[in-house]
Amino acid sequence: MRKVGIAAFENRERSAQQYSDLSSMLIQKQSAELANQLEVFRSSLAYFAVEHAKEIRTNAAFRTQFAQMCANIGVDPLTSSRDNSSSNKGKSSMWASLLGRDVNDFYFEVAVKVIEQTRITKDTNGGILAVSEVKRRLASASPPVDVSDDDIERAVRSLAVLGKGLDLVEIGGTRYIRSVQSELSSDQSAVLAACEALGYVSVSLLRDNLGWEPVRAVTVLDEMVRAGMLWIDEQGLETEYWAPSWIERQ
């Protein structure tokens, strides 16, 4: 006979509790299994790092692939190798021990070189320098520095602890390092994105492609020229505003 009233209610309550307990047990079991698998992955990654430490330090493409492997399981060798928390004072992290302080030192050295490049080019590009241009400049330096775009971006991000100075922005599908303190306006970003196609813009190009009124185009272009983000070429039928970063890539 089916229970009714309070007895039936208590029976349903016990069943619900049993289902809840079973669910919690399954979740805990799955979490434990995932934790074990993650630890196995990390151990394998550590072994891989030991075997290929030299390649990680000297080969830009290999280093990028290694960094991606680390990211896939939530490990950041750069962050781990500079762990200075009170609980780790005087002790090296696993990654610092495996790869030495070379990982931290490497990205610090790259960051210094990036800062130098933004400094010496600021007068010509207004503080907006393409990551690819930094890579090209470092590759042609003496001695040449073999780095990937990923290395440069990681180096820039590692400087975040020092406060605002350099940051990464994406304009028209191209990654840039910005060393100017002020934020780019949406109009300035649109102009730089338009420059990616031809290397330059004009008032008529902005009017025809973005629907801007001439006064709006002239205002933003003049601002960018004053900031050094654009160069003026008045030799044609219409004044052209060139992006220095595009010219340097040619």
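Sequential numbering from 1 along the given sequence is applied to the chain's residues.
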- Message: Tell me whether Q188 contacts the main-chain N or O of M224 through its side chain, where contact means a donor paired with an acceptor under 3.5 Å.
- Response: no
- Please confirm whether the backbone N or O of A193 pairs with a side-chain atom of E196, one donor and one acceptor, at under 3.5 Å? no
Just how far is it from atom [atom1] of [X] to atom [atom2] of [Y], taken to the nearest 0.5 Å?
X	Y	atom1	atom2	answer
L129	T121	CG	OG1	4.5 Å
D233	W242	CG	CH2	7.0 Å
R178	M229	CZ	CE	9.0 Å
E116	L138	CD	CG	9.0 Å
K135	E153	NZ	CD	11.0 Å
L184	L192	CG	CG	6.5 Å

- Message: With side-chain contact (heavy atoms from CB on, under 4.5 Å) as the criterion, how do I232 and E234 come out once you've worked through the C-alpha distance, each side chain's angles and the decisive distance to 0.1 Å?
- Response: CA-CA 6 Å; I232 293 179; E234 297 178 327; 3.4 Å; yes
- Message: Closer than 4.0 angstrom, basic N to acidic O: yes or no for E213 and R207?
- Response: no
- Message: What I want to find out is whether E133 reaches R137 closely enough, with some N-O distance under 4.0 Å, to be called a salt bridge.
- Response: yes
- Message: Please evaluate residues L221 and L206 with respect to the criterion side-chain contact (heavy atoms from CB on, under 4.5 Å), reporting the C-alpha separation (whole Å), side-chain torsions for both, the decisive distance (0.1 Å), and the verdict.
- Response: CA-CA 10 Å; L221 290 172; L206 294 176; 3.9 Å; yes
Indicate every side-chain donor-acceptor pair of residues 143-151 with a distance under 3.5 Å to a residue at least two apart or in another chain.
{"from": "S148", "atom 1": "OG", "to": "T64", "atom 2": "OG1", "distance (Å)": "2.8"}
{"from": "S148", "atom 1": "OG", "to": "D150", "atom 2": "N", "distance (Å)": "3.4"}
{"from": "S148", "atom 1": "OG", "to": "D151", "atom 2": "N", "distance (Å)": "3.1"}
{"from": "S148", "atom 1": "OG", "to": "D151", "atom 2": "OD2", "distance (Å)": "3.3"}
{"from": "D150", "atom 1": "OD2", "to": "R154", "atom 2": "NE", "distance (Å)": "3.0"}
{"from": "D151", "atom 1": "OD1", "to": "R63", "atom 2": "NE", "distance (Å)": "2.9"}
{"from": "D151", "atom 1": "OD1", "to": "Y107", "atom 2": "OH", "distance (Å)": "3.3"}
{"from": "D151", "atom 1": "OD2", "to": "R63", "atom 2": "NE", "distance (Å)": "3.1"}
{"from": "D151", "atom 1": "OD2", "to": "R63", "atom 2": "NH2", "distance (Å)": "2.6"}
{"from": "D151", "atom 1": "OD2", "to": "S148", "atom 2": "N", "distance (Å)": "3.1"}

- With sequence neighbours excluded, what pairs up with L198 under the side-chain contact (heavy atoms from CB on, under 4.5 Å) test? Y200, L205
- Results of salt bridge (Lys or Arg N to Asp or Glu O under 4.0 Å) for R216 - residues two or more places apart only: D187
- Query: Looking just at side-chain N and O atoms, do S202 and E240 make a donor-acceptor pair shorter than 3.5 Å?
  - Reply: no
Would you check if [X] and [Y] make a side-chain contact, meaning some heavy-atom pair closer than 4.5 Å?
X	Y	value
V114	V156	yes
C195	L230	yes
W212	V220	yes
L168	R157	yes
I177	V169	no

- Query: So K122 and T118, side-chain contact (heavy atoms from CB on, under 4.5 Å) or not? Walk me through it.
  - Reply: CA-CA 6 Å; K122 191 170 185 176; T118 60; over 6 Å; no
- Query: What about I120 and I115, same hydrophobic cluster or not, with Ile/Leu/Val/Met/Phe/Trp/Tyr joined at side-chain heavy-atom distances under 4.5 Å?
  - Reply: no
- In this structure, are over 12 heavy atoms from other groups packed under 6.0 Å from Q235 atom CD? no
- Check E238 against S204 and note the closest heavy-atom contact, atom names and distance.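 Reported closest heavy-atom pair: OE1-OG, 2.6 Å.
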